[in-house]
Number of protein chains: 2
Amino acid sequence: MIGKNNQTVMYTELQCLRNLAAIEDALYVLGGKWKLRIVIALVSGYCRFNEIQRTIKGISARVLSNELKDLELNGLVERVVQANQKPVIVEYIATEYAQTLGDIIAALTDWGYEHKRKLTQHPEADVKRSVVI
Amino acid sequence: MIGKNNQTVMYTELQCLRNLAAIEDALYVLGGKWKLRIVIALVSGYCRFNEIQRTIKGISARVLSNELKDLELNGLVERVVQANQKPVIVEYIATEYAQTLGDIIAALTDWGYEHKRKLTQHPEADVKRSVVI
DNA sequence: GTTAGTAGTAACTTTTAGGTTACTACCTCA
DNA sequence: TGAGGTAGTAACCTAAAAGTTACTACTAAC
């Protein structure tokens with residue numbers, strides 16, 4: 001009952017289970033607090049370690065380091081060491097494959113904007129309620 | 001450098017920060033292991049508590065209960081109590097607002113399918129490597 | 001000569017998310 | 001009459017994620 005551009009689409013039971021599996025795969029790679037934020041920072045052109053850390057407020061060096069390794073393992077980020085420079089400079093580059101995340105990032109970003117707009121316009125709408133028939 | 005339908009789009013620094021904020025808002029509501037899975041189950045027509053728990057493998061009653069409350073607070077789920085029935089029957093219904101998640105769910109599902117296809121086709125591609133220049 | 005930047009890592013602690021078990025109270029079916 | 005389904009909750013526990021602090025080793029600027 002949901003689909004692209006908010007068209008109504010029915011899922012059969014089998015499709016529902018397959019979609020659950022697919023979204024599970026996607027969230028396995030992209031889930032967690034930081035992964036998508038890092039990808040956004042990378043595709044926006046930030047590529048140095050400290051630069052990324054400064055851009056993404058709140059992330060620690062340890063976590064950023066681990067997340068970048070994960071993303072590299074999944075083929076979304078390439079680590080480029082410029083050994084000729086002194087001090088040695090490391091760049092993290094979003095791969096071509098990371099470009100395939102465009103739809104996900106755009107959809108999440110759009111929804112986030114709209115959701116915030118909704119919250120600030122009708123704050124009273126978000127009150128917990130149960131409908132009793 | 002990324003956007004809808006994988007079109008190349010540049011982000012300015014300001015846009016990058018705004019996108020980071022928007023995706024933060026979206027992930028605040030939708031993040032975590034279960035939220036999107038639950039929404040998928042709901043829009044697929046599963047609406048009873050135990051039914052949802054059976055559909056989403058691995059979720060416990062405690063977690064499902066908490067997640068449904070969160071989703072209700074954010075206006076994505078409506079809790080409908082049919083008090084005339086014995087035993088009392090409770091239905092969880094995806095709200096109209098939940099339909100706005102269509103693009104996100106579709107994008108994540110598509111990407112999950114493709115990513116799995118990629119992994120099974122070229123498993124050797126996912127080897128950690130750093131490029132040293 | 002001290003402060004800040006380069007890219008991290010190791011060891012440790014805290015936080016949070018999620019899992020487990022047991023329980024309610026009522027109903028239906030075999 | 002007890003097994004299973006209805007929708008949960010309370011208390012407790014574990015495991016994973018994330019945060020903190022300190023440190024390397026070298027460079028450049030003030």
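Every chain is numbered from 1 and lettered A, B, ... according to where its sequence line falls, protein lines coming before strand lines.
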*Quick one: which of C/dA11, D/dT9, D/dA11 gets closest to the side chain of B/Lys69?*
D/dT9
_The side chain of A/Arg79 is closest to which nucleotide in this list: C/dG8, D/dA7, C/dG18?_
C/dG8
*asked:* Of the options C/dA7, D/dG8, D/dT6, whose atoms approach the side-chain atoms of A/Phe49 most closely?
replied: C/dA7
*Is any NZ, NE, NH1 or NH2 atom of the basic residue among B/Arg117 and B/Glu114 found under 4.0 Å from an Asp or Glu carboxylate oxygen of the other?*
yes
*Enumerate the residue pairs fulfilling ring-ring contact (aromatic ring centres under 6.0 Å, His included) with a member in residues 71-98 of chain A, sequence neighbours excluded, ordered by first and then second residue.*
A/Tyr97-B/Trp111, A/Tyr97-B/His115
*Separation of C/dA10 P from A/Leu64 CG (nearest whole Å)*: 16 Å
*asked:* So, OP1 or OP2 of C/dG5: does either fall under 4.0 Å of a side-chain N or O from A/Asn50?
replied: no
*Could you state the atom-to-atom distance from CD of A/Gln53 to P of C/dT9 in whole Å?*
12 Å
_Tell me which one of B/Leu42, B/Thr95, B/Val39 satisfies side chain to side chain contact (heavy atoms under 4.5 Å, CB included) with B/Val77._
B/Leu42
*Determine the contact category for A/Arg48: base if any of its heavy atoms lies under 4.0 Å from a base atom, sugar-phosphate if only primed atoms, P, OP1 or OP2 are that close, otherwise nothing.*
sugar-phosphate
_Assess whether a salt bridge exists between A/Glu67 and A/Lys35, defined as any Lys/Arg side-chain N lying under 4.0 Å from an Asp/Glu carboxylate O._
yes
*Carefully, step by step, assess B/Tyr113 and A/Arg18 under the rule side-chain contact (heavy atoms from CB on, under 4.5 Å).*
CA-CA 9 Å; B/Tyr113 276 123; A/Arg18 277 210 289 239; 3.2 Å; yes
*Can you check the B/Glu51 CD to D/dG5 C1' distance for me, whole Å?*
13 Å
*Let me know, please, whether A/Tyr92 or B/Ala61 comes out on the 5' side of the other along DNA chain C by nearest nucleotide.*
A/Tyr92
*So, is B/Arg62 close to the D/dC13 phosphate, meaning a side-chain N or O under 4.0 Å from OP1 or OP2?*
no
*If an axis is fit to five pairs at each end of the helix from C/dG1-D/dC30 to C/dA30-D/dT1, what is the angle between the two, to the nearest 10°?*
0°
*Is B/Ser65 touching bases, backbone alone, or none of the nucleic acid, heavy atoms closer than 4.0 Å?*
sugar-phosphate
